[in-house]
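In what follows, a structure is listed as structure tokens, so that the remarks can point back to it.
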Amino acid sequence: PGSVFSGLRSLEILDLAHNRLGEFPEMMSDLTSLKHLDLRYNKLRKLNFSTFPRENKLDQFLTGFNRLVELDGLAAFSHSLSVIDLRDNLLAVFPTDILFFTKLKVLEISNNNLSDLPFQLGYMQNLQNLKVDGNILRRIRRGVLSSGTESLKKYLRSRDPNPATESSAQPEVLVPVSVQKKAAKSPGPTKIKKHVGIASVEGLPIMCNKSESTAHKAQNENEQSHANTTPSGNKLESTEELRNTISEMENDLLNNLSLTRTRKLMLKKQLARERGKLNRLLSQGSTFP
């Protein structure tokens, strides 16, 4: 039952390893102090952490030796997790939420059914230990896989289709559900800002759609040039707008249960672009928050 964790706000270690659990309760909103979660050696096939408290302290997430085919809601841990153990499961698709984990140091995902790895893994600066043996990674040579984490990360970066630091590509604009509802109530026109280039989250590049006309490219360059000469007062306003947009997107990801998996993925990519734009604005000067 979901109420099993009710009131456990001081719980820091939850060890349920070596049981026969076929499912895990989804109601976890009270586990605000949890730092260590061990679910290894069970019979779990799906895990959903969408109800996990947004302000959490989870540092180690261990779910190896299960039968996992699906993981949802991992975005709740993007600011805290440093160790993830997903070895010996049945994952056929790499959990893309992991690409946004800025503090991740250890990722153990060996002995699954992965056929490829995303190149963005190579840009995760804090990732020190990456284990992927025992997967069906046909595109990566065995010599690369056995050469260590840094060599593998370097190889993955080499597969970046556009490794340049800047780009004139125009990404698809994705608007969170909460923003759409707010716009519907507003009497004035809704303005959607389009951002240029490769967004980055703590060194993680997210590629943008390149289907764009020459006129749009010129317009984007003019907008970028204007942004670089904008007074700090306008920068402050822009950063606040971006922070509000980012917060709305994060709320959608965590709380909107009607989102499809495709829309979740699109929303995560747009969120990465917004965070990258905010990082670029913040790097232009230190006189604004």
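Residue indices begin at 1 and follow the sequence shown.
- For Asn112, there are no side chain to side chain donor-acceptor pair (under 3.5 Å) partners, not counting sequence neighbours.
- Few gaps surround CD on Glu70; more than 12 heavy atoms of other groups in view lie less than 6.0 Å from it.
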Take Arg159 and Ile140 through the side chain to side chain contact (heavy atoms under 4.5 Å, CB included) test and state the conclusion after the steps.
CA-CA 11 Å; Arg159 288 173 49 185; Ile140 306 178; 3.7 Å; yes
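- For the atom pair OG1 of Thr102 and CG of Leu99, the computed distance is 12.5 Å after rounding to the nearest 0.5 Å.
- Counting only distance, with no hydrogens or angles, the side chain of Asn48 and the backbone of Gly73 share no donor-acceptor pair below 3.5 Å.
- Every residue two or more places apart in sequence or in another chain that forms a side chain to side chain donor-acceptor pair (under 3.5 Å) with Asn56 is listed here: Ser80.
- Distance check: Leu91 CG to Leu71 CG gives 5.5 Å after rounding to the nearest 0.5 Å.
- Residues Leu8 and Leu14 fail the side-chain proximity criterion, which asks for heavy atoms closer than 4.5 Å.
- Taken to the nearest 0.5 Å, the CZ atom of Phe100 stands 9.0 Å off from the OG atom of Ser78.
- Without hydrogens or angle criteria, Lys46 side chain to Glu23 main chain gives no donor-acceptor distance under 3.5 Å.
- When hydrophobic side chains of Ile, Leu, Val, Met, Phe, Trp and Tyr are connected at separations under 4.5 Å, Leu90 ends up clustered with Val69.
- Checked against side chain to side chain donor-acceptor pair (under 3.5 Å), Arg45 has no partners two or more places apart in sequence or in another chain.
- Note that CD1 of Ile246 and CZ of Arg243 are 8.5 Å apart. Values are rounded to the nearest 0.5 Å.
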Donor-acceptor contacts, no H, no angles, side chain residues 28-35, under 3.5 Å, sequence neighbours left out:
from  : atom 1 : to   : atom 2 : distance (Å)
Asp30 : OD1    : Arg9 : NH2    : 3.3
Asp30 : OD2    : Gly7 : N      : 2.7
Ser33 : OG     : Arg9 : O      : 2.6

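- A salt bridge does not link Lys277 to Glu274: none of the charged side-chain nitrogens sits closer than 4.0 Å to a carboxylate oxygen.
- Here the side chain of Ser146 pairs a donor or acceptor atom with the backbone of Gly143 at under 3.5 angstrom.
- Within the 3.5 Å criterion, the main-chain N or O of Arg40 finds a donor-acceptor partner in the side chain of Asp38.
- Side chains of Val132 and Leu114 form no contact here, defined as non-hydrogen atoms less than 4.5 Å apart.
- With sequence neighbours left out, the ring-ring contact (aromatic ring centres under 6.0 Å, His included) criterion links Phe77 to Phe49, Phe52.
- Using modelled atom types, one side-chain atom of Asp85 and one backbone atom of Arg87 make a donor-acceptor pair closer than 3.5 Å.
- A 4.5 Å side-chain heavy-atom check between Leu39 and Leu62 finds every atom pair outside the cut-off.
- In this structure, the side chain of Asp97 does not engage the main chain of Pro95 through any donor-acceptor pair within 3.5 Å.
- Under the 3.5 Å distance criterion, the side-chain polar atoms of Glu108 are matched with a main-chain donor or acceptor of Ser110.
- How far CD1 of Ile98 is from CG of Leu121: 8.0 Å, rounded to the nearest 0.5 Å.
- Between Asn135 and Asn113 there is no side-chain heavy-atom pair separated by less than 4.5 Å.
- Hydrophobic clustering (ILVMFWY, side-chain heavy atoms < 4.5 Å, transitive): Leu21 and Leu68 are in one cluster.
- Looking at heavy atoms from C-beta onward, Asn111 lies out of side-chain contact with Asp133 at the 4.5 angstrom threshold.
- Listed by chain and number, the residues in a ring-ring contact (aromatic ring centres under 6.0 Å, His included) with Phe94 amount to none (sequence neighbours excluded).
- Residues satisfying the side-chain contact (heavy atoms from CB on, under 4.5 Å) criterion with Asn129, sequence neighbours excluded, are Val106, Lys131, Thr149.
- Within the structure, salt bridge (charged side-chain N to carboxylate O under 4.0 Å, His left out) contacts touching residues 47-64 (residues at least two apart or in different chains) are Arg54-Glu250.
- In this structure, Asn42 contributes its side chain and Asn19 its backbone to a donor-acceptor pair below 3.5 Å.
- Interatomic distance, Ile84 CD1 to Leu74 CG, rounded to the nearest 0.5 Å: 6.5 Å.
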Yes or no on side chain to side chain contact (heavy atoms under 4.5 Å, CB included) for His79 and Lys103, after CA distance, side-chain angles and deciding distance?
CA-CA 7 Å; His79 64 286; Lys103 296 182 179 179; 5.7 Å; no
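- Hydrophobic clustering, defined by side-chain heavy atoms of Ile, Leu, Val, Met, Phe, Trp and Tyr closer than 4.5 Å, leaves Ile136 isolated from every other such residue.
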Would you please test Leu117 and Leu156 for side chain to side chain contact (heavy atoms under 4.5 Å, CB included) and show each step?
CA-CA 8 Å; Leu117 297 175; Leu156 291 173; 4.1 Å; yes
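- At least one side-chain heavy atom of Phe61 sits less than 4.5 Å from a side-chain heavy atom of Leu47.
- In the displayed structure, Leu16 atom CG is contacted under 6.0 Å by more than 12 heavy atoms of other residues, nucleotides or ligands.
- One N or O on the side chain of Asn89 and one on the backbone of Arg67 form a donor-acceptor pair closer than 3.5 Å.
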Candidate pair Leu127 and Leu107, rule side chain to side chain contact (heavy atoms under 4.5 Å, CB included), full reasoning:
CA-CA 8 Å; Leu127 186 59; Leu107 174 59; 4.0 Å; yes
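- Taking Arg139 as the reference, Asp116 meet the side chain to side chain donor-acceptor pair (under 3.5 Å) condition, with sequence neighbours excluded.
- Taking Tyr41 as the reference, His18, Phe65 meet the ring-ring contact (aromatic ring centres under 6.0 Å, His included) condition, with sequence neighbours excluded.
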